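Note that the structure is predicted; figures quoted are calculated from it, not measured.
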Amino acid sequence: MTTDKNITVRSLEDAAHSVELFGYMAENAISDVSDFFTGTEADKLKINDNIILFVRVETPQSDIIIYWDDSYETGEERIKEILTRFFSPGFRDYFEKRTDVWSEFKDGCIAFRDGQGTFYSVWQYTGRKDTKTAVQKKNFGRLFPSTLKRIQDNKRLTKSEMGYQIGHVDPYHPVSLYWDYYRREDVLKAFNKLFGTEIK
């Protein structure tokens with residue numbers, strides 16, 4: 001279920017105003033956003049006994065996760081947090097596999113089949129398992145707000161952004177001093193090691 005593309009989570013109402021999604025719908029003769037939920041068993045997220053339906057729409061640019069919460073009882077931020085993490089690389093840091101029976105579909109669980117077949121796998125959201133060292137936690141706390149926001153939004157950091165951020169924490173780090181001579185993969189590896197992140 002993970003993807004390396006940009007992930008956008010939108011409510012049914014918000015998705016109706018997405019330019020990117022509108023283009024996809026026009027190309028595929030889909031007249032209304034609610035049609036994504038018609039004639040198929042959507043995937044499900046349960047929060048406080050409220051079941052939220054969601055589907056993944058894969059466009060060339062990104063993966064758009066559309067959710068339908070007809071009760072409006074669950075906070076939008078909570079829904080987006082869980083669904084974004086479910087489709088992000090490293091999702092197993094946030095979820096535990098449950099037995100694939102409906103009795104295991106409890107609070108905080110996702111029942112997922114990705115629009116295929118009738119078999120649902122059940123995943124329990126547990127939150128982040130913190131594996132950062134004390135130094136990495138300290139460094140992570142010094143991330144620029146703009147950098148942190150891009151990481152949380154699963155946005156790709158440029159080589160210069162990572163090099164500048166590394167230099168803010170360790171001015172004499174080789175990658176900071178000579179970032180323009182390094183490949184992005186090398187800068188990325190140094191960044192993840194320094195801040196305890198798993199970005200790509």
Side-chain angles (χ1 to χ4, degrees), residues 1-12 14-15 37 40-58 62-143 145 147-157 188-189 191-200:
M1 66 283 293
T2 61
T3 177
D4 290 327
K5 290 193 290 186
N6 185 44
I7 301 168
T8 304
V9 179
R10 296 180 180 274
S11 67
L12 186 69
D14 184 37
F37 294 87
T40 183
E41 284 291 327
D43 299 304
K44 300 171 176 62
L45 165 65
K46 179 183 281 190
I47 301 179
N48 297 328
D49 291 326
N50 180 34
I51 295 180
I52 297 124
L53 305 179
F54 67 93
V55 294
R56 170 165 59 169
V57 180
E58 300 180 65
S62 64
D63 280 5
I64 302 175
I65 315 303
I66 307 172
Y67 70 86
W68 190 346
D69 177 20
D70 57 5
S71 71
Y72 298 97
E73 294 179 358
T74 305
E76 182 180 27
E77 289 186 5
R78 179 66 170 169
I79 297 172
K80 289 186 175 182
E81 169 194 323
I82 295 176
L83 292 180
T84 299
R85 287 178 170 172
F86 186 67
F87 287 96
S88 299
F91 83 101
R92 287 181 180 273
D93 288 339
Y94 302 93
F95 291 86
E96 290 181 355
K97 185 73 175 63
R98 304 297 292 263
T99 305
D100 297 327
V101 293
W102 283 114
S103 60
E104 288 291 289
F105 183 53
K106 300 175 181 178
D107 187 60
C109 279
I110 283 177
F112 184 72
R113 70 181 189 90
D114 205 14
Q116 300 177 3
T118 58
F119 176 80
Y120 284 88
S121 59
V122 179
W123 298 86
Q124 174 74 56
Y125 181 64
T126 59
R128 177 70 175 179
K129 296 177 182 177
D130 196 350
T131 59
K132 293 186 180 70
T133 66
V135 173
Q136 287 173 331
K137 289 178 182 178
K138 181 179 178 180
N139 292 341
F140 189 83
R142 296 180 63 189
L143 284 170
T147 305
L148 181 60
K149 179 68 165 56
R150 287 178 65 80
I151 292 174
Q152 292 172 337
D153 290 345
N154 200 37
K155 297 292 180 66
R156 188 178 190 270
L157 297 182
L188 178 64
K189 184 177 180 180
F191 185 94
N192 284 334
K193 183 176 182 180
L194 196 62
F195 297 99
T197 51
E198 298 176 351
I199 65 172
K200 292 187 176 182

**Asked** Centres of the F86 and F112 rings: under 6.0 Å?
**Response** yes

**Asked** Once the angle between the rings of F91 and F95 is folded into 0 to 90°, is it parallel (under 30°), tilted (30 to 60°) or perpendicular (over 60°)?
**Response** tilted

**Prompt:** With distance as the sole test, does E58 use its side chain to make a donor-acceptor pair with the main-chain N or O of I64 at under 3.5 Å?
**Reply:** no

**Request:** Would you check if V9 and F87 make a side-chain contact, meaning some heavy-atom pair closer than 4.5 Å?
**Result:** no

**Asked** When the ring planes of Y94 and Y125 are compared, do they come out parallel, tilted or perpendicular, using 30° and 60° as the limits?
**Response** parallel

**Request:** Quick one: list whatever passes side-chain hydrogen bond (donor to acceptor under 3.5 Å, both in side chains) with D69, sequence neighbours left out.
**Result:** N50, S71

**Item:** A111 to F105 - nearest heavy-atom pair and separation
**Value:** N-CE1, 3.6 Å

**Prompt:** Shortest non-hydrogen contact from I66 to L12?
**Reply:** CG2-CA, 4.0 Å

**Request:** Kindly compute the distance separating NZ (K200) from OG (S88), expressed to the nearest 0.5 Å.
**Result:** 10.0 Å

**Message:** So for atom NZ, which belongs to K189, do other residues, nucleotides or ligands contribute more than 12 heavy atoms lying within a distance under 6.0 Å?
**Reply:** no

**Check against side-chain contact (heavy atoms from CB on, under 4.5 Å), Y67 and S11** = CA-CA 5 Å; Y67 70 86; S11 67; 3.5 Å; yes

**Prompt:** Hey, does W68 have a side-chain heavy atom less than 4.5 Å from the side chain of V55?
**Reply:** no

**Gap between atom CZ of F119 and atom CG of D100 - 0.5 Å precision** = 3.5 Å

**Pair V101-V122, side-chain contact (heavy atoms from CB on, under 4.5 Å): steps then yes or no** = CA-CA 8 Å; V101 293; V122 179; over 6 Å; no

**Message:** Going by side-chain hydrogen bond (donor to acceptor under 3.5 Å, both in side chains), name the residues that satisfy it together with K80, two or more places apart in sequence or in a different chain.
**Reply:** E76

**Message:** To the nearest 0.5 Å, what is the distance between CD on Q136 and CG on N192?
**Reply:** 9.5 Å

**Prompt:** Where do K97 and W123 land on the side-chain contact (heavy atoms from CB on, under 4.5 Å) test, with the steps shown first?
**Reply:** CA-CA 5 Å; K97 185 73 175 63; W123 298 86; 3.4 Å; yes

**Request:** Could you grab the distance from atom OG1 of T84 to atom CD1 of I7, nearest 0.5 Å is fine?
**Result:** 6.5 Å

**Message:** With a 4.5 Å cut-off on side-chain heavy atoms, are N48 and D107 touching?
**Reply:** yes

**Prompt:** Sub-3.5 Å donor-acceptor pair from the side chain of R113 to the main-chain atoms of E41, do we have one?
**Reply:** yes

**Item:** Closest non-hydrogen atom pair between R98 and Q124, with its separation
**Value:** NH1-OE1, 2.9 Å

**Separation of L188 CG from T197 OG1 (nearest 0.5 Å)** = 7.5 Å

**Complete:** Tightest non-hydrogen contact, residues A42 and Y120, listed as O-OH, 3.0 Å

**Item:** Separation of R142 CZ from T147 OG1 (nearest 0.5 Å)
**Value:** 12.5 Å

**Prompt:** Step by step, would you call I110 with L83 a side-chain contact (heavy atoms from CB on, under 4.5 Å)?
**Reply:** CA-CA 9 Å; I110 283 177; L83 292 180; 4.1 Å; yes

